[in-house]
Amino acid sequence: PIVRYTPAHASNAHTLRIPRVAVSKPVACAFHCALAATAVIIAEAKSKIFFMMALVMVASFSCNPHSEIPRDTIVVGISLFPEQMDPRLSTDAIGQKINKLIYSGLVRIDAHLNVVDDLAKEHFVRDKLTYEFHLRDGVRFHDGSPLTSADVKATYDMIRSDTIHSPHKATLSVIDQIETPDALTVIFKLKKPFSPFLTVMSLGIVKQGGRDQLVGSGPYRLISKSQDRDAGILERFDDYYGEKANTRVLVFRLVQEASLRALEMIKGRLDLVLNDLPYVLLPELKKRENLRVTSASGINFSYLAFNF
């Protein structure tokens, strides 16, 4: 069975899945600028995946017995390479979806669009200008080093600086200062009240000093990235502090043409596609016995902009 959260007044999306893969329950996910995402756990007969998705989704799973995909792997079809796999710089949809698996934030947005603690075990709004976060004890980065308040401060200080020219700098300019009274406490003091501040705290935290080799603390660690066929390969992080992922490997595979993505699903070479199939293909895919199309609601929107 598929279990999902449906926001009110939302637009329709489509999900394709196969009998050997079932969506077991929703999982929380957050992304920048106060938008929230639908999140699900996708499970195979022998393994399940902890997979977070931004916005509405289109998923395709093949039950082809001759599939080339190993049972402990899920291959995700993407139409574009991620522009950035650095959470301090990322703004594109694909990059943010992947980054949410690699880098955890102080908070996240759950399936009901509420802010809930993530790396922080608790947080307090002391007044309109003061936000205090108490970190979970024992959280480790993918390289085994402990995550502390110094890493949180370094992440936000770098975004606010001119060093990396982060697109998030303007949003975080509301921060006046960041204090770290101990290894597990971070206090943000603002220049003025900023109502979406807690949502901004969902940005992924990276290890202090990691300029070229970024290290996160999320449920998956990045083991390979390229501008070739497979844009990114992620492996389960067994020391993750939260719910463990049972699917060992995630592969993000570039398939630029929509018709080819549909064919790859039918042939069993892709397991999942997110919002990357045109509606015109859905009626034909619904006829396929090895594919199941499910409609779901989401919170995205489309618009036309005119340049006068």
Side-chain angles (χ1 to χ4, degrees), residues 1-7 10-27 29 37-82 92-94 96-98 101 111 229-232 234 247 249-302:
I2 183 168
V3 182
R4 62 180 177 269
Y5 167 68
T6 305
S11 58
N12 286 333
H14 296 273
T15 300
L16 287 85
R17 61 184 177 85
I18 57 163
R20 75 175 177 89
V21 179
V23 178
S24 59
K25 63 180 180 179
V27 180
C29 177
T38 302
V40 295
I41 294 178
I42 302 168
E44 290 193 5
K46 293 184 179 180
S47 61
K48 66 181 180 180
I49 169 179
F50 185 95
F51 190 76
M52 308 173 190
M53 284 168 276
L55 300 178
V56 292
M57 62 182 179
V58 178
S60 169
F61 309 89
S62 170
C63 60
N64 189 334
H66 303 295
S67 173
E68 303 172 359
I69 303 171
R71 298 292 294 178
D72 63 352
T73 300
I74 286 183
V75 179
V76 183
I78 58 176
S79 58
L80 297 169
F81 284 110
D92 65 296
I94 294 175
Q96 290 196 2
K97 290 170 187 176
I98 297 175
L101 296 169
R229 182 188 182 205
D230 292 336
L234 278 57
T247 296
V249 176
L250 298 179
V251 178
F252 291 86
R253 181 162 296 166
L254 179 68
V255 183
Q256 292 180 313
E257 296 295 331
S259 57
L260 290 180
R261 287 193 294 276
L263 288 173
E264 292 292 271
M265 290 186 290
I266 293 170
K267 294 177 181 179
R269 295 173 182 166
L270 291 179
D271 288 317
L272 181 68
V273 173
L274 307 177
N275 263 358
D276 262 340
L277 286 176
Y279 288 120
V280 68
L281 295 179
L282 296 179
E284 180 61 30
L285 293 173
K286 288 179 180 179
K287 299 176 184 178
R288 299 280 177 171
E289 293 184 358
N290 65 325
L291 297 175
R292 184 182 295 176
V293 179
T294 304
S295 295
S297 296
I299 57 175
N300 68 330
F301 62 92
S302 299

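As a basis for the values below, the full set of heavy atoms in this structure was taken, side chains included, without hydrogen atoms, waters or symmetry mates.
Residues that satisfy the side-chain contact (heavy atoms from CB on, under 4.5 Å) test with Leu80, not counting sequence neighbours, are Ile94. Taking Gln256 as the reference, Leu254 meet the side-chain contact (heavy atoms from CB on, under 4.5 Å) condition, with sequence neighbours excluded. Applying the salt bridge (charged side-chain N to carboxylate O under 4.0 Å, His left out) rule to Asp230 yields the partners Arg253; only residues at least two apart in sequence or on another chain are considered.
From Glu284, atom CD reaches atom CD1 of Ile266 across 7.5 Å, with rounding to the nearest 0.5 Å.
Without hydrogens or angle criteria, Arg261 side chain to Asp276 main chain gives a donor-acceptor distance under 3.5 Å.
Residue Leu270 comes nearest to Val255 through the heavy atom pair CD1-CG2, 4.2 Å, listed as atom of the first residue, atom of the second, then distance. Residues Ile98 and Pro82 approach most closely at CD1-CG, 4.1 Å, considering heavy atoms. For the pair Ala262 and Leu285, the tightest heavy-atom approach, listed with the atom from each and the gap, is CB-CD2, 4.3 Å.
For the side-chain contact (heavy atoms from CB on, under 4.5 Å) criterion with Phe252, the lone passing option out of Val75, Ile74, Leu101 is Leu101.
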